[in-house]
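Only a predicted model underlies this, so the values are computations on that prediction, with no experimental measurement involved. In the text below, chain A, chain B and the rest are named by the order of the sequence lines, each starting its count at 1.
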There are 2 protein chains.
Amino acid sequence: MTTRPRSTAGAGPARGRRRSSHSLDAVLDATVQLLDEAGGAALTFRSLAARLRTGVGTIYWYVASKEELLDRATDHALGPVLEAIDAVPEGEDPIDDLRRMAIVLFDAIVERPWLSAYFMRSMEIQVTSLRLYERLGRPTLRMDLTPRQRFHAVSAVTGFAVGTAADLGQEPPEAMLDDGADRDELLHRYADRWRALDADDYPFVHDIVDEFDGHDDVDQFRAGLELILAGLRLEAAG
Amino acid sequence: MTTRPRSTAGAGPARGRRRSSHSLDAVLDATVQLLDEAGGAALTFRSLAARLRTGVGTIYWYVASKEELLDRATDHALGPVLEAIDAVPEGEDPIDDLRRMAIVLFDAIVERPWLSAYFMRSMEIQVTSLRLYERLGRPTLRMDLTPRQRFHAVSAVTGFAVGTAADLGQEPPEAMLDDGADRDELLHRYADRWRALDADDYPFVHDIVDEFDGHDDVDQFRAGLELILAGLRLEAAG
DNA sequence: ACCTGAACACCGTTCAAGT
DNA sequence: ACCTGAACACCGTTCAAGT
């Protein structure tokens, strides 16, 4: 919508020599820092400008909007994740490789929940996302699958990893945090409420409540991932 | 944090006779309407108050914060979904039942993407979410699984459905919508860009690009769901 | 070419004042 | 018990003015 030259691709300080006191990289570094320190809600142009010791307007030289800032910051932070995934050695079993990569991706997003919101959103800005997708998909090339099956399988694995990690990253509703309760305490409180429900109305909830109470999110992710991978193995064998 | 009595559970117009010109239900109806019409970003207390023909302050009589408003609106909108899931008849194969329910849930969220953000966030406010979870889980009681396996399986299915639907619900980045391009056009544009990439660097992307181009999101979800269900069937058979 | 910060048009939330 | 809307403390974004 805006026609200012600095909002077009390739403009800004990216091309040409740089005389500026800041740089896109510096802006993104500071953005990632703020995001890590206080989460997505705390990132404002004012706080970012303060950290960079400039005026708010300066940021708009490097980035056309907050959306673009977050797109770029996400891609920026995905760099090390791509490296970690590249470091996964090719093994005998392609499914083992896929599992390893999915876990690396999942762990990265759990550590930085704000990543999930913009991950793979803009393929033009986010080159790293596409590279990640490529790496995750490569093991499936060694399996006896159609392109369509590969596409669906890799999308399912990444979608499940990102979706699950995003869910975990959500901080619990404020109402539950009035007192200084930690995660285990919250789970336990919910569990007790579930146990108080009528067992005839909630047979499933009663069946699993002990598993829910104190459960580890990582276990939950891995179990779901195993189901997908088992289904995939079956598909390739058929 | 606030100590106003109306923010505590059970306060407000919920208990006692109602003489008010509005009601929590009316507020939630209007909220859902606005959400449907214009998406999560368009919902403001001012627009909601305008629709209800009141002042902004009035809404705070029924709800302590925007967070609570969205929690309650989500639960409110989940009512019909629960009914639809209850209408799924119990069949021979529990996995078929689970599949049907998952698809109902998925479809509901695709239709109302804003649901995903608050789904299952607050178990105290969202009674309907818990009921949904119960229904989704019931088929697994008829399968030869441990409670832990059930817990993991149902969490995986709901997580995958909600996560995938949420992803689809994201509107594409503004930069891609400059002209009046529709979804197919966007997919096609991305696909062409992918085809232009070096085939040696991106073998997987090249392998699946024709599947990506013009793909149907629902197919993608169903394929992933089948992988999970196949894995689950295997687990129950083992 | 890059930076600045006041100004604009919004937000969610509060609260004294009304009925 | 319920409603009102001005006021407060924020936002993202713009832009004339600086170097």
Short question: side chain of [X], backbone of [Y] - any donor-acceptor pair under 3.5 Å?
{"X": "A/E68", "Y": "A/A64", "value": "yes"}
{"X": "B/S155", "Y": "B/H152", "value": "no"}
{"X": "A/H206", "Y": "A/D200", "value": "no"}
{"X": "B/Q126", "Y": "B/M120", "value": "yes"}

Would you mind reading off the distance between [X] atom [atom1] and [N] atom [atom2], rounded to a whole angstrom?
{"X": "B/E67", "N": "C/dC11", "atom1": "CD", "atom2": "C1'", "answer": "17 Å"}
{"X": "B/I59", "N": "D/dC2", "atom1": "CD1", "atom2": "C1'", "answer": "14 Å"}
{"X": "B/K66", "N": "C/dT13", "atom1": "NZ", "atom2": "P", "answer": "8 Å"}
{"X": "B/Y60", "N": "C/dC11", "atom1": "OH", "atom2": "P", "answer": "12 Å"}
{"X": "A/L48", "N": "D/dG12", "atom1": "CG", "atom2": "P", "answer": "10 Å"}
{"X": "A/F45", "N": "D/dG12", "atom1": "CZ", "atom2": "C1'", "answer": "7 Å"}
{"X": "A/L24", "N": "C/dC3", "atom1": "CG", "atom2": "C1'", "answer": "16 Å"}
{"X": "B/L34", "N": "C/dC11", "atom1": "CG", "atom2": "P", "answer": "12 Å"}

Any side-chain N or O of B/W61 less than 4.0 Å from the OP1 or OP2 oxygen of D/dC3? no

For C/dC3, take OP1 and OP2 only and decide whether either is under 4.0 Å from a side-chain N or O of A/Y62. yes

Are side-chain N/O atoms of A/H76 and A/D29 paired as donor and acceptor at under 3.5 Å? yes

Counting any heavy atom closer than 4.0 Å, what does A/L43 reach on the DNA or RNA strands: base, sugar-phosphate only, or nothing? sugar-phosphate

Taking C/dA9 as the reference, what is the distance to D/dC10 when you measure between their C1' atoms (whole Å, please)? 13 Å

Are A/F160 and A/F221 close enough that their ring centers fall under 6.0 Å? yes

Are B/W194 and B/Y202 close enough that their ring centers fall under 6.0 Å? no

So among B/V27, B/L28, B/L69, B/D25, which one has a side-chain contact (heavy atoms from CB on, under 4.5 Å) with B/Y62? B/V27

Could you give the distance from CG (A/L70) to CG (A/D75), rounded to the nearest 0.5 Å? 12.5 Å

Pull out every protein N or O sitting under 3.5 Å from an N or O of nucleotides 5-8 of chain C, one pair per line with the distance.
residue	atom	partner	partner atom	Å
C/dG5	O6	A/G57	N	3.4

Intra- and inter-strand pairing of DNA chain C, written as dot-bracket with Watson-Crick and G-U pairs under 3.5 Å and | for the latter, reads ||.|||||...|||||.||

